[in-house]
Amino acid sequence: MNSSSKKIHGSKVTASDDPAGHGRTDVSFAVAVSPSQASTAAATLASTARALVAPGKGILAADESLSTISKRLAAQNIPSTEETRRAYRELLFTTPGLSEFISGAILFDETIRQKTSAGILFPDFLASHGIVPGIKVDRGTIGLPGFPGEKFTTGLDGLRERLAEYRQLGARFTKWRATFLIGDGSPSDASLAANAVALAVFAALSQEAELVPIVEPEVLMDGDHGIARCEDVMAVTLQRVFDALITQHVILEGMILKTAMVLPGLRSQERWDVTAIADATLRCLRRHVPAAVPGIVFLSGGQNDQDATARLNAICRTPGAPWPLSFSFGRALQNGPLAAWNGRAENVRGAQQALRHRASCNSAAVRGTYSAATEAEPVKPGEAIARSTQPTGK
Ligand code: 13P
């Protein structure tokens, strides 16, 4: 890319002032602050983004909304109260040795204000243990008017003010999820257009607040479509989202893409091995995601835990990706610990072992070294606990 100018409110700086630089001196961008402030802000965004996809590490998505976490707890017969939700998130975040495998954790509005039993705010606890705190900032979906079954993600009203508060509370990155349903005539042009613009405005507002946006256009697994249709839909979705991000002057070097894998629908009769899934996923990403993006993370989307890990491993083993690839799993990291906990204090240690094991398997997958042996050999708790007693001071 030669000298391109992304102007926001007019004042322009060149990335040659940017210490992050990515080895380039020819990219320029502009923000509504002085040149030195702009270059420092861009460098901070780029460095946080790179930390989130550090080698062998991925993101724990623990940002379930009140209704989603309540359903997950109810499925284990655990009542959903402010205290059970806090205790559950404390169990996750205080897992010994977690930062060996986990770079960042995405929190929900309630969670970012909660504390450990020792009275430490969760974002402060995470940061002091080498895990970057982040926050989900969308406010969920509403039905897209005129397009039954399709959704529009809300949450832009008041977002600038909320972002300032989240940064004060310690967040360093944000997440916004849009969903796209594959069906007869969907995703519609209306759904693609509206959600792409909302994702882009969210991302630009996040960067303005010096928060790294995780841009998540999720192509849902629901449906009976085959893998080829999924690839086509993911292609058009990514294209529309990156068009909108560029139009909105989002700094690509200071964001992360979160995406689904290219898979057949949940009700499809097609069965593909991990290599075919990895090939389709990487072909689609290579065609539609600029190399300037510092990292791509995958959501699990309802796959079972081991399928998600095995497919991630195949994707990360495939050569030729210009970006670091990793995971940002919710269910595929939390299914085990949630079931093991069952709301009881005496199960906390076992639940933390379940989380550490899943996180270590996914870490191996990011390195492309996951196998049946990794699955069978849980990380030795003693080792991880010993390491976890040395906060990194990040
Ligand atoms: P799943 O991995 O459960 O799909 O959740 C990831 C996420 O953050 C969805 O927004």
Side-chain angles (χ1 to χ4, degrees), residues 52-53 58-73 75-76 88-89 92-93 101-112 131-141 151-155 171 173-182 195 198-199 202-203 206 212-223 230 234 237 241 255-263 265-266 281 295-312 315 325-339 354-355 358-359 361-363 365-366:
L52 290 172
V53 288
I59 298 169
L60 168 63
D63 59 330
E64 297 82 5
S65 64
L66 285 184
S67 77
T68 302
I69 192 66
S70 298
K71 279 185 220 142
R72 304 251 161 97
L73 292 169
Q76 303 295 326
Y88 175 58
R89 266 66 179 252
L92 299 176
F93 301 152
F101 315 115
I102 297 294
S103 56
I106 317 177
L107 315 185
F108 180 64
D109 181 77
E110 177 185 73
T111 323
I112 200 169
I131 296 178
V132 184
I135 178 82
K136 166 196 174 79
V137 302
D138 68 73
R139 290 197 149 146
T141 59
K151 303 285 187 199
F152 175 66
T153 301
T154 64
F173 70 98
T174 53
K175 188 197 92 169
W176 180 288
R177 171 176 176 256
T179 59
F180 299 95
L181 181 69
I182 301 182
N195 282 297
L199 277 165
F202 141 76
S206 294
V212 172
I214 296 193
V215 174
E216 182 182 8
E218 177 176 2
V219 174
L220 298 167
M221 285 170 66
D222 309 66
C230 180
M234 192 135 1
T237 304
V241 168
M255 63 161 278
I256 297 283
L257 174 71
K258 176 162 174 169
T259 178
M261 300 172 189
V262 174
L263 295 166
L266 284 172
T281 301
I296 300 178
V297 293
F298 293 95
L299 58 96
S300 58
Q303 303 176 67
N304 80 44
D305 300 0
Q306 294 192 18
D307 280 352
T309 309
R311 291 163 176 169
L312 178 69
I315 292 169
L325 299 168
S326 187
F327 59 91
S328 173
F329 290 166
R331 283 161 286 181
L333 279 170
Q334 293 186 53
N335 288 330
L338 181 56
L355 174 60
R358 220 46 261 138
C361 287
N362 287 309
S363 166
V366 169

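Indexing begins at 1, ligand by ligand and atom by atom, following the structure's order. Model, not experiment: these values are computed from the prediction. Numbers for residues simply follow the sequence, beginning at 1.
Taken to the nearest 0.5 Å, the CD1 atom of I106 stands 5.0 Å off from the CG atom of D63. The distance from the OG atom of S300 to the CG atom of D305 is 7.5 Å, given to the nearest 0.5 Å.
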N/O to N/O under 3.5 Å, ligand 1 against protein:
| from | atom 1 | to | atom 2 | distance (Å) |
| --- | --- | --- | --- | --- |
| ligand 1 | 2 (O) | S300 | N | 2.8 |
| ligand 1 | 2 (O) | S300 | OG | 2.4 |
| ligand 1 | 2 (O) | G330 | N | 2.8 |
| ligand 1 | 3 (O) | R331 | N | 2.8 |
| ligand 1 | 3 (O) | R331 | NE | 2.7 |
| ligand 1 | 3 (O) | R331 | NH2 | 3.4 |
| ligand 1 | 4 (O) | G301 | N | 2.7 |
| ligand 1 | 4 (O) | R331 | NH2 | 3.0 |
| ligand 1 | 8 (O) | K175 | NZ | 2.8 |
| ligand 1 | 8 (O) | K258 | NZ | 2.7 |
| ligand 1 | 10 (O) | K175 | NZ | 2.5 |
| ligand 1 | 10 (O) | E216 | OE1 | 3.0 |
| ligand 1 | 10 (O) | E216 | OE2 | 3.1 |

Query raised in the report: Where do T309 and R358 land on the side chain to side chain donor-acceptor pair (under 3.5 Å) test, with the steps shown first?
Result: CA-CA 9 Å; T309 309; R358 220 46 261 138; 2.8 Å; yes
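A side-chain N or O of K258 and one of S328 form a donor-acceptor pair less than 3.5 Å apart. No side-chain N or O of R177 forms a donor-acceptor pair with one of T141 less than 3.5 Å apart.
Legend: residues meeting salt bridge (charged side-chain N to carboxylate O under 4.0 Å, His left out) with E64, ordered by chain and number and at least two apart, are R72, R89.
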